Amino acid sequence: MLGAIDRDRYAVIPVGITREGAFVLEDDEPAKFPLDAEHLPEVVDNGSRVRWPEPGGDRTLRVVRADGSVEDLGEIDVVLPILHGPHGEDGTIQGYFDTLEVPYAGGGVLDSALCMDKHFMKIALQAAGLAVAPWVTVRRRQWDADAAAVRASAAELGLPLFVKPARAGSSVGVSKVEALDELDAAIAIAFAEDEKVLIETGVSGREIEVAILETADGTRASLPGEIVLTARGFYDFEGKYLGGDGVDVVCPAEVSHEELAAIQDAGVRAFDAVDGRGLARVDMFLTPDGGLVVNELNTMPGFTPISMFPKCWVASGLSYGDLISELIEAGLRR
Ligand SMILES: Nc1ncnc2c1ncn2[C@@H]1O[C@H](COP(=O)(O)OP(=O)(O)O)[C@@H](O)[C@H]1O
Ligand SMILES: [Mg+2]
């Protein structure tokens with residue numbers, strides 16, 4: 001992504017976040033941050049510390065070098081967050097930038113926080129009239145106090161079931177349950193990631209994803225893509241990131257005109273339902289009877305050139321570089 005930013009339009013100051021949470025001034029070297037299964041990039045603490053602008057002051061970004069010297073890096077117009085996971089896509093860093101009065105691209109506090117928590121995300125989608133898979137949410141204390149009651153409400157949902165942590169992602173802790181005697185193990189796997197767990201009815205249908213983008217002309221939906229599972233039970237972690245075979249990420253998906261319109265409409269409605277801002281990928285199931293069941297929204301979708309979100313925009317006529325410019329421009333308009 002760093003390598004695809006239009007350098008004729010934008011001057012880039014790369015800021016890294018170390019594992020410990022320090023903001024460091026990074027090298028402007030795209031080759032240093034390849035994103036593939038073999039080498040996940042890591043920000044090394046080089047001793048520098050980036051100082052964000054003070055609220056109420058000017059927007060000058062500064063760096064304190066390892067030797068203690070301070071340098072002005074220039075006034076920032078907009079931050080382009082490229083993050084994943086806790087503090088990255090759950091609204092906390094967005095709130096941090098709001099407090100600093102620094103504009104940023106992409107999702108805001110509310111949509112990021114809502115989409116990080118599958119329980120509340122589903123409530124917001126359902127309230128907007130979108131179909132979601134029937135589910136029950138279980139807290140650890142409920143499970144510890146009365147597992148039999150939880151098993152009974154799970155049984156009412158039918159089989160297969162999907163059990164997942166409320167706040168995780170990347171399919172971590174997600175299990176498919178084909179028989180009720182597998183339920184306890186699936187719940188234990190999910191509780192290892194979060195003390196709040198969802199048990200959902202499994203939806204049979206095609207796994208369709210649509211990319212939503214806020215542009216100067218309003219909210220746009222891309223052509224939809226499809227996760228085609230050829231030899232895998234569901235879209236698990238291995239299939240997503242470890243090059244596990246049996247999964248094809250396809251865009252555009254083969255759908256009829258009516259289906260295309262319905263998918264794009266559901267995508268934009270889902271985006272509005274969570275107060276979406278900037279961008280989101282909306283994942284849904286297209287059922288054999290033509291219905292759409294929204295699975296989830298991702299406010300910080302995978303963004304490598306082979307990821308679904310950019311792929312769908314490229315298929316819709318927007319290049320990878322122009323897509324990044326659109327995101328930056330939406331941030332600048334705020
Ligand atoms: N209710 C469901 N019905 C059918 N498949 C599901 C359901 N929930 C999850 N899955 C499968 O599991 C995968 C991961 O679940 P998901 O809810 O998307 O979690 P994550 O946030 O980790 O991506 C989905 O991409 C899909 O393949
Ligand atoms: Mg998912």
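Keep in mind the model is a prediction, meaning the values are calculated, not measured. Numbers here simply count residues along the sequence, with the first being 1. Whatever order the structure lists ligands and atoms in, that order sets their numbers, starting from 1.
Taking only nitrogen or oxygen atoms, main chain and side chain alike, Leu229 does not reach within less than 3.5 Å of ligand 1.
Ligand 1 has no atom lying under 4.0 Å from any heavy atom of Ala168. For the ligand labelled ligand 1, residue Thr201 lies inside the 4.0 Å heavy-atom shell. Residue contact check for ligand 1: Phe285 places a non-hydrogen atom closer than 4.0 Å to it. Residue Asp283 places every heavy atom at 4.0 Å or more from ligand 1.
Closest to atom 23 (O) of ligand 1, if we only count protein heavy atoms, is Lys240 NZ, 2.8 Å. Residue, atom and distance of the protein heavy atom nearest to atom 18 (O) of ligand 1 are Glu296 OE2, 2.8 Å. Shortest contact from atom 2 (C) of ligand 1 to any protein heavy atom: Phe162 CD1, 3.5 Å. Looking only at heavy atoms of the protein, atom 26 (C) of ligand 1 is closest to Glu207 OE2, 3.2 Å.
Set against the non-hydrogen atoms of Lys118, the atoms of ligand 1 under 4.0 Å away are 17 (O), 19 (O), 20 (P), 21 (O).
Side-chain contact check for Thr92 and Asp90: at least one donor-acceptor pair (N or O, by modelled atom type) lies under 3.5 Å. For Tyr104 and Asp98, the side-chain atoms include at least one donor-acceptor pair closer than 3.5 Å.
At least one N, O or S atom of Glu296, from either the backbone or the side chain, sits less than 2.8 Å from the Mg ion (ligand 2).
At a 4.0 Å heavy-atom cut-off, ligand 1 touches Tyr235 through backbone and side chain alike.
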